[in-house]
Amino acid sequence: MRQSKMLLPTLRDVPAEAEVISHKLMLRAGMIRQVARGIYDFLPLGVRVLRKIERIIREEMDRAGAQEVLLPAICPSELWQESGRWEKYGKELLRIKDRNDREFCFGPTHEEVITDLVRRDVRSYRELPINLYQIQSKFRDEVRPRFGLMRGREFIMKDAYSFHVDRADCDREYENMFQTYRRIFDRCALAYRPVEADTGAIGGSRSHEFQVLAESGEDAIVSCNACEYAANVEKAGIGDGTPPAAAEPTSLVDVPTPGQRTIEEVSAFMKMKPHRFIKTLLYVAGDTVVVALVRGDHALSEAKLKDVLGTPGVELAPESTVEAVTGAPVGFAGPIGLKGKVRLLADHALAGITAAVSGANKADVHVKGVSASRDFPNAEMVDLRIARAGDRCPRCEGTFVLQRGIEVGQVFYLGTKYSEALKANVLDGEGKERVLEMGCYGIGVTRTIAAAIEQNHDDAGIIWPMPLAPFHVVVVPVNVTDERMRTTAERLYAELTARGVEVLFDDRDERPGVKFKDADLIGCPLRITIGPRALEHDAVELKRRTEKAATEVPIADVVEQVVAIVKAETAA
RNA sequence: CGGGGCGUGGCGCAGCCUGGUAGCGCACCUGCCUUGGGUGCAGGGGGUCGGAGGUUCGAAUCCUCUCGCCCCGACCA
């Protein structure tokens, strides 16, 4: 591609809208432009990178035995009514009506549509297993789109859905997809970790996220410093900590704490460390009220609470419920003397705690001397808290380190959640109807681009790994008005292109400095510079984007060298 | 949805407090110069100051409403 002809508007200044590095660099490099909140144009350079990732995904999904389909972006509400998600998905579902007032949504994910397809066209166990995938724009009317491509309202996703006659086969495919995802992200040259994850709104029972490690990541993950265990903090199992020193229960004493509601406030007011407190949180799950206790310095994981309760979701109880159950305004709840039948759950870290402080279920009063065994013996002891650095690994003697990650992919074991709702059955070998077991597997394609840049850049710009690079090499004649430089560059451009190398040819009549700055910003892995110095000995300069210095290569050899490097670094 | 901030040529900004008819850098166009890390000189084009209403002789500037965008908290690929 000739740069003089390419729509490649690089920017010297960073548009004010951008905050994180990937967003800034994509704007500056002329890859994307914002059209509306969370909605972007892809310019030619951006599209080239997008296609690279898509290609890797297609190759690996096909290799894994999946088949590509293309489902509609616009989905009829009826299917979503059938699964129950028309109501449940909430405002994130971008809804529209056609001219006849019939309701549709722009698909945020496609379990309903694919399950509908399969229930209509797959009748026999002999046609299974089947894994269908697509690469398509998805729409989620996010509360808070952010960070450019990291969280858009329209974004490109690879989504795959597999269907099986039994659990064992679905498990097999889960593993197959897990390994396929490893290959995909390995080929994208990303530093990532698969971590155990919550199943979220999509539903299901087993899930891993693929997290690209990056400071700017929105997710917090913990990984064991001794074994392979890694998980999202909201999901991570926590091994047994040191039990609190056994102490004789002390008697309960009310402490007036006027207006002190949060742990921080009461802790400061009473001059006691937060870990001596019991945080009492009221949740509603469906129509039952649950009281959850965690230690004052810990945070409750709603994902874990949800799992423990086996409900699709939990919400903090409204003020009126808190007052009805505790008899006190919000801020003074405690485990002692709750009214009515409520389910009481306590985090493991509270087992055996003595001389703790909690709310007294009276306005402006806390109580000290609380003892777990004496004062809430009926509480179910469960894992409720968000993991932190230093927590004990559930699998070994190691401890957790905390990292931030960008979730670029997730695999789910879905089970029969959708097949049951949509009545997707097949006949098995005995002629009996079986509800299909399902798995689903997503990759945020556009988010992967952002993640790749977060991980591969320097002060001058992007540093593409070869497999994702929009061009393998940029050819820069220092001065196009010089006859020999120009013709040499033209020749190399033609020869490299003929050999299958993707070349950006900077044929613009610009100063060398401008060209070098743009080349660094765009970040092609290789640069060939054609200038007077090397040309004197019939050579050009070959430089890697990762390196400062160039090496002189005879003109006669440079094509072979570049071809060899590109081949080596794009090998599947 | 709550809290904070910002809307002035393509991008980055000044001007607003203290009303007087729009400016700077970059980019863009023309010409000459220059050609190894965002070159120099000269000339030039481009802006309903986010929108609507109001105050005023006069509004980018003051007031009201509204729309958009960004950041911080509850969601997810």
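Here is the naming used below: chain letters follow the sequence lines, and residue numbers restart at 1 for every chain.
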Discussion item. Output the rounded distance in Å from CG (A:D219) to P (B:G73).
Written reply: 13 Å

Worksheet item: Does B:G73 pair with anything, Watson-Crick or G-U wobble, both distances under 3.5 Å, and if so, with which nucleotide?
Response: B:C1

Worksheet item: Distance between the C1' atoms of B:A59 and B:C63, in whole angstroms?
Response: 11 Å

Worksheet item: Do A:R144 and B:G3 have a side chain to base donor-acceptor pair shorter than 3.5 Å?
Response: no

Practice prompt. Quick one: label A:G30 by what it contacts on the DNA or RNA (base, sugar-phosphate, nothing), any heavy atom closer than 4.0 Å.
Written response: nothing

Fill in: No-H, no-angle donor-acceptor pair, A:R151 side chain to B:C76 base, under 3.5 Å
yes

Worksheet item: Atom NZ of A:K91 and atom C1' of B:A74: how far apart are they, to the nearest Å?
Response: 14 Å

Item to complete: Check every strand shown and say whether A:F139 touches a base, only sugar-phosphate, or nothing at a heavy-atom separation below 4.0 Å.
Response: nothing

Discussion item. Under 4.0 Å, counting only non-hydrogen atoms across every strand here, what does A:D518 touch: a base, just sugar-phosphate, or nothing?
Written reply: base

Item to complete: For A:F516 and B:G38, say yes or no: do the ring centres fall under 5.5 Å of each other while the ring planes differ by less than 30°?
Response: no

Worksheet item: B:U34 pairs with which nucleotide, Watson-Crick or G-U wobble, both distances below 3.5 Å?
Response: none

Worksheet item: For the side chain of A:N456 and the backbone of A:A452, is there at least one donor-acceptor N/O pair under 3.5 Å apart?
Response: yes

Item to complete: Assign A:G409 to base, sugar-phosphate, or nothing according to its heavy-atom contacts below 4.0 angstrom with the strands shown.
Response: sugar-phosphate

Practice prompt. Mark yes or no for a side-chain to base donor-acceptor pair under 3.5 Å between A:D13 and B:C13, with no hydrogen or angle criteria applied.
Written response: no

Item to complete: Taking atom C1' in both B:G2 and B:U18, compute the distance separating them and give it to the nearest angstrom.
Response: 35 Å

Worksheet item: Can you tell me how far C1' in B:G50 sits from the matching atom in B:C67, rounded to whole Å?
Response: 7 Å

Worksheet item: Which part of the nucleic acid, if any, lies within reach of A:D520 when heavy atoms closer than 4.0 Å are counted: base, sugar-phosphate only, or nothing?
Response: base

Worksheet, complete the sentence: Looking only at B:A74, B:G36, B:C26, the nucleotide nearest the A:R12 side chain is B:C26

Discussion item. Just the rounded figure in Å: distance from C1' of B:C33 to CG of A:D509.
Written reply: 12 Å

Practice prompt. Report the nucleotide, chosen from B:G36, B:A77, B:G37, that has the shortest atom-to-atom distance to any side-chain atom of A:K517.
Written response: B:G37

Worksheet item: Hey, does A:T448 reach any base, or is it just sugar-phosphate, or nothing, if we go heavy atoms under 4.0 Å?
Response: nothing

Discussion item. When you measure from the side-chain N and O atoms of A:Q34 to the phosphate of B:G68, is any distance below 4.0 Å, counting only OP1 and OP2?
Written reply: no

Worksheet item: With both distances under 3.5 Å as the test, what is the Watson-Crick or G-U wobble partner of B:G9?
Response: none

Worksheet item: When all nucleic acid strands are considered with a 4.0 Å heavy-atom cut-off, which category describes A:E92: base, sugar-phosphate, or nothing?
Response: sugar-phosphate

Item to complete: In whole angstrom, give me the gap between the P atoms of B:C13 and B:G7.
Response: 9 Å

Item to complete: Report, as yes or no, whether the 6.0 Å neighbourhood of atom CD on A:E215 holds more than 12 heavy atoms from other residues, nucleotides or ligands.
Response: no

Fill in: Distance in angstrom units between A:E17 CD and B:C11 P, rounded
9 Å

Worksheet item: Are A:R206 and A:Y174 in a cation-pi setup, meaning NZ or CZ lies under 6.0 angstrom from the ring centre and within 45 degrees of the ring axis?
Response: yes

Practice prompt. Looking at every strand, decide which applies to A:R527 at a 4.0 Å heavy-atom threshold: base, sugar-phosphate, or nothing.
Written response: base

Worksheet item: Do any N or O atoms from the side chain of A:Y192 and from the backbone of A:R182 form a donor-acceptor pair under 3.5 angstrom?
Response: yes

Worksheet item: Is A:R2 paired with A:E490 through a side-chain N to carboxylate O contact shorter than 4.0 Å?
Response: yes

Discussion item. For B:G36, does the base pair up with any side-chain atom of A:N479 as donor and acceptor (N or O, under 3.5 Å, distance only)?
Written reply: no

Worksheet item: Rounded to the Å, how far apart are A:F185 CZ and B:A77 P?
Response: 12 Å

Worksheet item: When you match A:V14 and A:E407 each to their closest nucleotide on RNA chain B, which lands nearer the 5' end?
Response: A:V14

Fill in: Pairwise C1' distance, B:U39 and B:U48 [rounded to whole Å]
37 Å

Fill in: B:C62 to B:G5 separation - P atoms, rounded to the nearest Å
16 Å

Worksheet item: How do A:E19 and A:R447 order along RNA chain B: which one's closest nucleotide is nearer the 5' end?
Response: A:E19

Worksheet item: What interatomic distance, in whole Å, is found between P of B:C70 and the corresponding atom of B:C11?
Response: 14 Å

Worksheet item: Quick one: A:D159 CG to B:C76 P, roughly how many Å, whole number?
Response: 16 Å

Item to complete: Look at the side chain of A:E541 against the base of B:G36 and say whether a donor-acceptor pair falls under 3.5 Å; ignore hydrogens and angles.
Response: yes

Worksheet item: Looking for any heavy atom pair under 4.0 Å, which part of the strands does A:P108 touch: base, sugar-phosphate only, or nothing?
Response: nothing

Discussion item. I'd like to know whether CD of A:E552 has more than 12 heavy-atom contacts from other residues, nucleotides or ligands below 6.0 angstrom.
Written reply: yes

Worksheet item: Is there side-chain contact between A:E454 and A:S22, with at least one heavy-atom pair below 4.5 Å?
Response: yes

Worksheet item: How many Å lie between CZ on A:R37 and P on B:C75, as a whole number?
Response: 17 Å

Worksheet item: Aromatic ring centroids of A:H110 and A:Y161 under 6.0 Å?
Response: no

Worksheet item: Reckon A:A16 touches a base, only the sugar-phosphate, or nothing at all at heavy-atom distances under 4.0 Å?
Response: sugar-phosphate

Item to complete: Select one nucleotide: of B:G38, B:G36, B:A77, the one nearest the side-chain heavy atoms of A:V478.
Response: B:G36

Fill in: Separation of the P atoms in B:A52 and B:A14, to the nearest angstrom
24 Å

Fill in: A:R95 to A:W86 six-membered ring, cation-pi geometry met (6.0 Å, 45°)
yes

Discussion item. Is there a side-chain contact between A:R146 and the phosphate of B:C72, meaning an N or O under 4.0 Å from OP1 or OP2?
Written reply: yes

Worksheet item: Is A:V408 touching bases, backbone alone, or none of the nucleic acid, heavy atoms closer than 4.0 Å?
Response: sugar-phosphate

Worksheet, complete the sentence: Between CZ of A:R533 and C1' of B:G37 the distance, given in whole Å, is 11 Å

Worksheet, complete the sentence: B:A60 -> Watson-Crick or G-U wobble partner, both distances under 3.5 Å, gives none

